[in-house]
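This one's a predicted model, so the numbers in the text were calculated from it and none came from an experiment. Here is how names work: the chains are called A, B, and so on, in the same order as the sequence lines, proteins then strands, and each is numbered from 1.
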Number of protein chains: 2
Amino acid sequence: MLQAREAAIVTSVNRLLAEKGYDAMTVDAVAADVGIAKASLYKHFASKEALAAAAMAAVLDRALARIGELEARADGPPPVPALEQLKAMARWAMQAQLAGEMPTLPAENSSLRQALVADRGYRDRLLEVSERLGAWIEQAQADGALNPRLPGELVLYTLFARGCDPVLGLLRASGQYDDDTIVELLVSSCFDGLAAGP
Amino acid sequence: MLQAREAAIVTSVNRLLAEKGYDAMTVDAVAADVGIAKASLYKHFASKEALAAAAMAAVLDRALARIGELEARADGPPPVPALEQLKAMARWAMQAQLAGEMPTLPAENSSLRQALVADRGYRDRLLEVSERLGAWIEQAQADGALNPRLPGELVLYTLFARGCDPVLGLLRASGQYDDDTIVELLVSSCFDGLAAGP
DNA sequence: GTCTATAACCAGATAGAC
DNA sequence: GTCTATCTGGTTATAGAC
C-alpha cells in the first residue's frame with residue numbers, strides 16, 4: 001500500500017512538474033492532486049526538492065527502460081546503426097514532452113539543480129543514462145555517422161536539451177502541425193541541421 | 001536624471017534576470033543592486049512583471065540594433081548571403097548569453113510569459129525582430145541555403161531557442177572549451193546538424 | 001523621488017490529536 | 001499514516017513622512 005501511494009505521488013508530481021515547472025508547482029497542489037493532506041505528503045518525502053528528485057529519477061528510469069528496449073532491438077537482424085538508436089531516443093524524449101510527461105531540464109541557476117545533484121538516486125541514474133548514450137555516441141562516431149568536429153560531450157548534452165526543447169511547444173502552439181510531424185521536423189533539424197546539404 | 005536612473009534599473013534587472021531567472025530574482029535584490037529603496041523602484045515600475053518586461057524589451061532593442069548593423073554590412077561589397085546573417089545573429093545571441101547578458105527565454109507555462117505578451121512594448125519589438133529575421137529566412141530559402149523541408153517558422157523559433165540553449169552552459173561547465181570555441185561548435189551543430197554530411 | 005516601516009499574502013514545513 | 005490547524009520565513013506591494 002505504501003509503495004502504491006508513493007507511486008501515485010510521484011506520478012502526480014511528474015505531471016505537475018511537466019505542466020507548471022518546479023517553481024510554480026506548489027506542494028498544496030500536489031497534495032490536492034493525490035487527494036491527501038499536505039502533512040501526509042511530508043511523511044513520505046522530506047521536502048519539495050525530494051519530491052522533484054523522485055519524479056526526475058522516475059523519468060530517468062523510463063529512459064533507461066527505453067534504452068534497454070532499443071538495445072534489444074539492435075541485436076537484429078538487421079543490426080541497427082548507433083545513429084538510429086540516438087535518433088530513436090531523441091524521438092522518445094520529444095514525444096514524452098509533447099505528451100506532458102517530461103519535466104523540463106532544470107536550469108543551472110535553479111535551486112532545483114543543487115538538490116538533484118545532491119540526490120544519489122537521481123545522480124546515479126543520470127550517470128547511467130549518460131554512459132549508455134555515450135556508448136552509442138562513440139559507436140556512431142566510429143561509424144563515421146556523426147560530424148567528427150563535434151565532441152561527444154556536445155552530442156550528449158544536445159540530446160538531453162532537445163528532449164526539453166521549447167521549439168516543440170512553440171510549433172504546437174502554431175497549430176499547423178500534428179505531433180508526429182513536429183517530432184520528425186525537430187529530429188531532422190537536430191541531426192541534419194537547418195542548412196541545406198551541400 | 002530620471003531616464004538615467006531607469007536605465008540603471010533596467011541594466012540591473014537584465015543582469016539579475018540572466019543570472020537567477022525570473023522567479024528567483026527578487027525585487028529586494030534589484031533594489032539592493034541599484035542602490036535605492038524598494039519603494040522607490042515601484043515609483044518607476046508598477047510591478048515585478050513590468051520590470052522584467054522592460055528588461056526583455058531592452059534585449060530586443062539590442063537585437064534590433066545588431067540586425068541593423070548586419071543589414072548595413074550586407075549591402076557589401078561583397079554582398080553577404082542571408083544564411084550568413086542568420087548565423088551571425090545566432091552567434092550574437094550565444095555570446096550575449098555566455099556573457100551573462102541574455103535573460104533566458106520564458107517557458108510557455110511561466111507566469112512571466114502572460115505578462116510579456118500583454119506588454120505592448122515587448123510585443124511590438126518581438127514582432128519586429130521576427131519580421132526582420134523572417135525576411136532573412138525567406139531569402140535564405142530562396143537561395144537554397146536552408147533545408148527546404150523545414151518550415152520558416154521552425155527556423156525562426158530555433159534561432160530564438162538557440163540563443164538560450166542550456167547546452168552553452170553545460171559545455172562551459174565542462175571547462176574544456178573557451179567561449180569562442182563553444183559558440184562555433186553550437187552554431188555548427190545548429191546549422192549543419194549532429195550527423196556527418198553525406 | 002527617496003526613505004523607513006509595514007501591510008497582506010503565500011508557500012514550505014511542522015505540531016499534535018486520532 | 002492521516003488529518004486539521006498553525007508556524008515561520010520570505011515576497012510583492014503600499015503608506016506616509018521628508
Side-chain angles (χ1 to χ4, degrees), chain A residues 1-56 103-104 106-107 109-116 118-119 122, chain B residues 1-56 103 106-107 109-116 118-119:
Chain A
M1 294 306 97
L2 182 141
Q3 306 253 343
R5 166 124 311 171
E6 295 196 347
I9 293 171
V10 168
T11 299
S12 281
V13 171
N14 188 69
R15 216 195 55 245
L16 291 171
L17 218 46
E19 193 175 302
K20 305 155 79 90
Y22 178 74
D23 289 311
M25 178 191 79
T26 67
V27 178
D28 290 87
V30 175
D33 194 68
V34 178
I36 62 177
K38 181 165 56 169
S40 304
L41 264 191
Y42 280 94
K43 297 287 183 185
H44 293 276
F45 295 92
S47 66
K48 182 184 179 183
E49 287 164 352
L51 277 174
M56 299 292 283
T104 171
N109 45 35
S110 168
S111 64
L112 176 59
R113 185 158 181 85
Q114 298 179 28
L116 288 182
D119 184 282
Y122 175 81
Chain B
M1 293 307 94
L2 183 141
Q3 306 252 344
R5 164 119 320 164
E6 295 196 347
I9 293 172
V10 167
T11 299
S12 281
V13 171
N14 188 69
R15 217 195 53 245
L16 290 170
L17 219 45
E19 193 175 302
K20 306 156 77 94
Y22 179 75
D23 289 312
M25 179 190 80
T26 68
V27 178
D28 290 86
V30 175
D33 194 67
V34 179
I36 63 177
K38 180 165 50 172
S40 304
L41 262 192
Y42 279 93
K43 297 286 184 185
H44 294 276
F45 295 92
S47 66
K48 180 184 179 184
E49 287 164 353
L51 278 174
M56 299 292 283
N109 44 36
S110 168
S111 64
L112 175 59
R113 186 157 181 85
Q114 298 178 29
L116 288 182
D119 183 282

Which residues share a side chain to side chain contact (heavy atoms under 4.5 Å, CB included) with [X], sequence neighbours left out:
X: B:Asp33; result: B:Ser12, B:Arg15, B:Leu16
X: A:Ala50; result: A:Phe45, A:Ser47
X: A:Ala107; result: A:Asn109, A:Ser110

Among D:dT2, C:dA13, C:dG1, which is the nearest nucleotide to the side chain of B:His44?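 Between D:dT2, C:dA13, C:dG1, the one nearest the side chain of B:His44 would be C:dG1.
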Ring-face cation of A:Lys48 near A:Tyr22 (centre distance under 6.0 Å, axis angle within 45°):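 Yes, a cation-pi geometry.
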Atom [atom1] of [X] and atom [atom2] of [N]: how far apart are they, to the nearest Å?
X: A:Lys38; N: C:dT14; atom1: NZ; atom2: C1'; value: 10 Å
X: A:Lys48; N: D:dG10; atom1: NZ; atom2: C1'; value: 14 Å
X: A:Glu49; N: C:dA11; atom1: CD; atom2: C1'; value: 13 Å

Report yes if at least one side-chain N or O of A:Ser40 is closer than 4.0 Å to OP1 or OP2 of D:dG1; otherwise report no.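 It does not, given that no N or O in the side chain of A:Ser40 lies less than 4.0 Å from OP1 or OP2 of D:dG1.
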Look at A:Tyr42 and C:dA13 and indicate whether a side-chain polar atom (N or O) is within less than 4.0 Å of OP1 or OP2.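 Yes, A:Tyr42 has a side-chain N/O under 4.0 Å of OP1/OP2 on C:dA13.
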For A:Ile36, is there any backbone N or O sitting under 3.5 Å from a side-chain donor or acceptor partner on A:Ser40?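 Here the side-chain-to-backbone pair does not exist.
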For DNA chain D, which residues of residues 6-36 of chain A approach it to below 4.0 angstrom with any heavy atom?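 Hits under 4.0 Å, by residue number: A:Ile36.
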With the criterion being N/O to N/O and under 3.5 Å, what pairs connect the protein with nucleotides 15-18 of chain D, and how long is each?
none

To check you understand the geometry: which heavy-atom pair defines the closest contact between B:Ala55 and B:Val10, and what is its length?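 Reported closest heavy-atom pair: CA-CG1, 3.9 Å.
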Using every non-hydrogen atom in the two residues, find where A:Ala31 and A:Leu41 come nearest and quote the distance to one decimal.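 Where A:Ala31 meets A:Leu41 most closely, the heavy atoms are N-CD1, 3.8 Å.
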With sequence neighbours left out, what residues match A:Lys43 under side-chain hydrogen bond (donor to acceptor under 3.5 Å, both in side chains)?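 Scan of A:Lys43 (side-chain hydrogen bond (donor to acceptor under 3.5 Å, both in side chains), adjacent residues dropped) gives none.
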